There are 2 protein chains.
Amino acid sequence: MARPRLLTRERIVDAAAALVDAEGLDAVSIRRLAAELGVQGPSLYNHFATKNEILDAVADAVVAQVNVSFFGTHDWREALRLWAHSYRAVLSAHPNVVPMLAHGPGRRPAALAMADAVYGGLLDAGWPEARATHIGALLRYLVHGSALGSFALGFAEDPLLYEHYPHLQRAHLLAEHKHSVDEGAFTLGLDMFIAGLDRLFASAKGVSA
Amino acid sequence: MARPRLLTRERIVDAAAALVDAEGLDAVSIRRLAAELGVQGPSLYNHFATKNEILDAVADAVVAQVNVSFFGTHDWREALRLWAHSYRAVLSAHPNVVPMLAHGPGRRPAALAMADAVYGGLLDAGWPEARATHIGALLRYLVHGSALGSFALGFAEDPLLYEHYPHLQRAHLLAEHKHSVDEGAFTLGLDMFIAGLDRLFASAKGVSA
DNA sequence: ACCTGAACACCGTTCAAGT
DNA sequence: ACCTGAACACCGTTCAAGT
């Protein structure tokens, strides 16, 4: 008589994701996660080999939410812009997950599928392999950098902390403008980047024509 | 009769930095660090209140190596470029430290001094406050994003892993070109950003003149 | 003032035992 | 096949005790 199955990989990943979002990466311990699932710690090892595999699955579930469908249907400039905004929106909704993405796609399927779609879209648009690699890397830097830590929130609220820094007298006010600062910096960078690529693309075509 | 003083904050920070560089953040435990210093774990609490304070001091010692002297002596375009390259070079030499910088300068003096120098330099050059904030944030994204994880090393060496991704067939070769990929993407981005800022600056001057 | 040993409440992971 | 309890070798941190 088989007892009811208590755990699945999906239930574990969902609970871990909720814990990471709510309390951060450090809040995830095997025992804590197991308790959240109404189970004992070692039970999780029937479904994942290590704690790290669980966190990897959480990271991949987040990346799977990024929309990469723009490549193929849109001009490469517009596709890059829409993808970058989608990517950043997803990561900004789950900032605690970003540090886990830092070391690349590794073996995570959603991350590999995203890299494939972006790189393929750039090649199809006519970019050479080396440049397409640079563009993908650069946009990853921009998205990860901006999602990893809010620039605005990186300054403490205590004005006294800044009394010896002549130009930072108003830094403690940054937190109030968090959204416009972080969003503004990202959009400024993305716009300038795509404009720069557009010129690079045009000049390469011009030379080769 | 006072015994010889075994520990100083400096000795602790130096040993912690060496451990972070050699084996990563996870290798730093109080007991391990104490053993490296020939002392028992709890002794460290005579010099730092928490392990996190030790790691904060390590992070600030790294940031202190960044050269911010270009602002004031150079044109803002050149100062930004030289500073960004210095910043990236320092972080690339200590990649394991980068995740600790993600949440901003906080209360770390070297990080605050750097923010002050960059922001002040941009204001002196004539940039409005909001734009100067965006530029500082954007360059932090780029430097942190590129130093945080090598894009090239983010792909595994096993070609079999990529067999189902049509455009990633050669991804396993990326590691061989690590330096040129990561450096190339960073330089591409920095050049395009500064060119874009230059045009933005010129057009703002043109309108106001 | 600074270092130590013992102790607290935790970790990730293994494994024999149960069903 | 999957879950459990006990155990292993660790954690960060506290604190009374030593010098």
Side-chain angles (χ1 to χ4, degrees), chain A residues 1-61 96-97 99-100 102-103 106-108, chain B residues 1-61 96-97 99-100 102-103 106-108:
Chain A
M1 217 50 174
R3 292 174 305 169
R5 181 192 187 78
L6 293 179
L7 292 176
T8 62
R9 284 174 66 97
E10 196 192 0
R11 275 198 74 212
I12 295 170
V13 171
D14 287 350
L19 202 47
V20 170
D21 282 342
E23 305 187 32
L25 280 174
D26 290 347
V28 182
S29 77
I30 292 289
R31 286 169 178 84
R32 169 79 189 277
L33 182 54
E36 219 84 46
L37 289 158
V39 111
Q40 297 300 316
S43 302
L44 302 185
Y45 289 90
N46 286 300
H47 303 269
F48 288 93
T50 63
K51 174 183 165 181
N52 210 61
E53 266 190 21
I54 299 177
L55 293 177
D56 248 25
V58 169
D60 212 46
N96 297 335
V97 173
M100 293 166 36
H103 290 111
R107 329 184 143 263
R108 296 191 306 269
Chain B
M1 218 48 174
R3 291 173 305 167
R5 179 193 190 80
L6 294 179
L7 293 176
T8 62
R9 285 175 65 97
E10 197 192 1
R11 273 198 76 211
I12 295 171
V13 171
D14 287 349
L19 202 46
V20 170
D21 282 342
E23 305 188 31
L25 279 174
D26 290 348
V28 182
S29 78
I30 291 290
R31 287 171 177 84
R32 169 79 190 277
L33 183 55
E36 219 83 46
L37 290 158
V39 112
Q40 298 300 316
S43 302
L44 302 185
Y45 289 90
N46 286 300
H47 303 269
F48 288 94
T50 64
K51 174 184 166 180
N52 209 60
E53 265 189 23
I54 298 176
L55 293 178
D56 248 25
V58 169
D60 211 47
N96 297 334
V97 173
M100 294 166 36
H103 293 301
R107 326 182 147 266
R108 296 191 306 271

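From a predicted model like this one, the values you see are computed outputs, not experimental measurements. In what follows, chains carry the letters A, B, and so on, assigned in the order in which the sequence lines appear, proteins first and then strands, with residues in each chain numbered from 1.
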Please tabulate, for the side chains in residues 37-45 of chain A, all donor-acceptor contacts under 3.5 angstrom to protein atoms that are two or more places apart in sequence or on a different chain.
unit_1	atom_1	unit_2	atom_2	d
A/S43	OG	A/Q40	O	3.2

Result block: side-chain N/O donor-acceptor pairs under 3.5 angstrom for residues 16-25 of chain B, not counting sequence neighbours:
unit_1	atom_1	unit_2	atom_2	d
B/D21	OD1	B/H94	ND1	3.0
B/D21	OD2	B/H94	ND1	2.8
B/E23	OE1	B/R32	NH1	3.4
B/E23	OE2	B/R32	NH2	2.7

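Remark: DNA chain D forms stems of 3 or more consecutive Watson-Crick or G-U wobble pairs, all pair distances under 3.5 Å, at C:4-8 with D:12-16, C:12-16 with D:4-8.
Counting only residues at least two apart or on different chains, no salt bridge (Lys or Arg N to Asp or Glu O under 4.0 Å) pair has a member in residues 38-53 of chain B.
For the pair B/I54 and B/V28, the minimum side-chain heavy-atom distance is 4.5 Å or more.
Annotation: proximity of residues 42-60 of chain B to DNA chain C (heavy atom, distance under 4.0 Å) is found for B/P42, B/S43, B/N46, B/H47, numbered in ascending order. Taken residue by residue, residues 23-33 of chain A places heavy atoms nearer than 4.0 Å to DNA chain D at A/R31.
In this structure, the separation between CG on A/L33 and CZ on A/R31 is 12.5 Å, given to the nearest 0.5 Å.
Rounding to whole angstrom units, CD of residue A/Q40 and P of C/dT19 are separated by 16 Å. Separating the CZ atom of B/R9 from the P atom of C/dC2 is a distance of 12 Å, rounded to the nearest angstrom.
Closest approach of B/L55 to B/M100, counting heavy atoms only: O-CE, 2.7 Å. Closest of all the heavy-atom pairs between B/A57 and B/V13 is CB-CG2, 3.6 Å.
At least one donor-acceptor pair closer than 3.5 Å links the side chain of A/R9 to the backbone N or O of A/H47.
Other residues, nucleotides and ligands contribute over 12 non-hydrogen atoms within 6.0 Å of the CD atom of B/E36.
Qualifying salt bridge (charged side-chain N to carboxylate O under 4.0 Å, His left out) partners for A/R11, counting only residues two or more places apart in sequence or in other chains: none.
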